[in-house]
Amino acid sequence: MEETSMQSFETWNTWAQYIAFGLAGVSILIFLGHLIKLTATSDSKSKYDYINRSEISVLMTCSVLLIVAGAFYSNSFIYELGILWLFVRIFVTISMGLIFGVIIQNLLKFYYPFYIEKRLKKLRYKPRVSPKTGKPMKLLSEEEEDVYLDEGMQAEENIFSIDYDVWVDEETGYTKIEKYAGHLHALQCPECNYQTFRVAREEILKAPSPAAEGELMKHYECGYCGYKAKKTFKIAMLEAQKAGSTAAV
């Protein structure tokens, strides 16, 4: 029986290391793929969009794979262990994995964005090169760029849902317009398709109670074409008061 147990641990140790190395390899490949994508993307706006959209999720995926790989590897050197200590080891491994996961998640969520913001700002204002002349283009000011934006685009900028950068080749007149997210959230209007559709007001149709959900109606209006719409949403039930919480003393 003891020999069989030793053989079982040896088999586990071997496969645990295989899994650990495999997961670590996948993590490295994903990260290398990310770096290759960044290197191969020469257009500053495309690189800006890719970093803004994918970098944090890629790093989080790689981190999770490495944490799981570390968990398997750290438990691949078991030679003799009782049932109680086996459960203790599993509990400690899961706990440490969750702790590392939370730490990395917080770093990527609250601190890493400051680093990304600096890179994105550098990419956004990096001089664009005209495909006509091969020379740097001029970034227009907010006042100058309105000539190149239609009314819908100007409306998007006026409500700060979208921000446009206009680059012009002064020699040939070639123009490049780049679109960036603004400071305030707005939806795409189903009528004119500009991102100028926002909540104008909210109306409570039915107040929630401990026994039933409430109902909220949001009134939307497009800041450009004036299109209006409304949609109802459920409001969660109020938490019932605990028994005796309001009892007289």
[X]-[Y] co-clustered via ILVMFWY side chain contacts under 4.5 Å:
{"X": "V129", "Y": "L139", "value": "no"}
{"X": "W15", "Y": "I90", "value": "no"}
{"X": "I19", "Y": "M96", "value": "yes"}
{"X": "F31", "Y": "L38", "value": "yes"}
{"X": "V147", "Y": "M153", "value": "yes"}

Of the non-hydrogen atoms in [X] and [Y], which two are nearest, and what is the gap between them?
{"X": "S27", "Y": "C62", "value": "OG-O, 3.0 Å"}
{"X": "G226", "Y": "E221", "value": "O-CG, 4.2 Å"}
{"X": "P127", "Y": "P136", "value": "CB-CB, 4.4 Å"}
{"X": "C189", "Y": "Y227", "value": "SG-CB, 4.0 Å"}
{"X": "V68", "Y": "L23", "value": "CG1-CD1, 3.5 Å"}
{"X": "F197", "Y": "A229", "value": "CZ-CB, 3.8 Å"}

*Pick out which of I103, I104, V102, L108 makes a side chain to side chain contact (heavy atoms under 4.5 Å, CB included) with N106.*
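Output: one option passes, namely V102.
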Approximate separation, where rounding is to 0.5 Å, of [X] [atom1] and [Y] [atom2]:
{"X": "K47", "Y": "N52", "atom1": "NZ", "atom2": "CG", "answer": "14.5 Å"}
{"X": "Y125", "Y": "Y48", "atom1": "OH", "atom2": "OH", "answer": "8.0 Å"}
{"X": "L123", "Y": "I51", "atom1": "CG", "atom2": "CD1", "answer": "5.0 Å"}
{"X": "T232", "Y": "L216", "atom1": "OG1", "atom2": "CG", "answer": "8.5 Å"}
{"X": "L59", "Y": "S54", "atom1": "CG", "atom2": "OG", "answer": "10.5 Å"}
{"X": "E170", "Y": "T133", "atom1": "CD", "atom2": "OG1", "answer": "10.5 Å"}

Assess whether atom [atom1] of [X] is packed by more than 12 heavy atoms of other residues, nucleotides or ligands within 6.0 Å.
{"X": "E151", "atom1": "CD", "answer": "no"}
{"X": "F100", "atom1": "CZ", "answer": "no"}
{"X": "K176", "atom1": "NZ", "answer": "yes"}
{"X": "I204", "atom1": "CD1", "answer": "no"}
{"X": "F114", "atom1": "CZ", "answer": "no"}

Tell me, do [X] and [Y] make a side-chain contact under 4.5 Å, heavy atoms counted?
{"X": "S130", "Y": "M137", "result": "yes"}
{"X": "E203", "Y": "K230", "result": "no"}
{"X": "H219", "Y": "K228", "result": "no"}
{"X": "H34", "Y": "I30", "result": "no"}

*How are the rings of Y112 and Y115 set to each other: parallel, tilted or perpendicular (split at 30° and 60°)?*
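Ring orientation of Y112 relative to Y115: tilted.
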*asked:* Classify the ring geometry of Y224 against Y194: parallel below 30°, tilted from 30° to 60°, perpendicular beyond 60°.
replied: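 If you compare the ring of Y224 with that of Y194, the planes turn out perpendicular.
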_For V58 and K37: C-alpha separation, side-chain torsions, deciding distance, then whether side chain to side chain contact (heavy atoms under 4.5 Å, CB included) applies._
CA-CA 12 Å; V58 167; K37 171 73 174 177; over 6 Å; no
*Between T11 and T14, is a side chain to side chain contact (heavy atoms under 4.5 Å, CB included) present by the stated rule, with each step listed?*
CA-CA 5 Å; T11 302; T14 300; 5.9 Å; no
*Cation over ring, K45 on Y180, under 6.0 Å and within 45°?*
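The answer is yes; both the distance and angle limits are met.
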*Should the pair K218 and F233 be classed as cation-pi, given the thresholds of under 6.0 Å to the six-membered ring centre and 45° from the axis?*
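Yes, a cation-pi geometry.
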*Do any N or O atoms from the side chain of R128 and from the backbone of K126 form a donor-acceptor pair under 3.5 angstrom?*
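At least one qualifying donor-acceptor pair exists.
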*Ignoring hydrogens and angles, tell me if any N or O in the side chain of T175 forms a donor-acceptor pair with the backbone of G173 under 3.5 Å.*
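Checking the backbone N and O of G173 against the side chain of T175, a donor-acceptor pair under 3.5 Å is found.
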*Looking at Y73 versus F21, is the centre-to-centre ring distance below 6.0 Å?*
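Centroid distance Y73-F21: below 6.0 Å, so yes.
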*What residue among Q154, E178, E156, E157 forms side-chain hydrogen bond (donor to acceptor under 3.5 Å, both in side chains) with Y164?*
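Going through Q154, E178, E156, E157 one by one, the side-chain hydrogen bond (donor to acceptor under 3.5 Å, both in side chains) with Y164 is satisfied by E156 alone.
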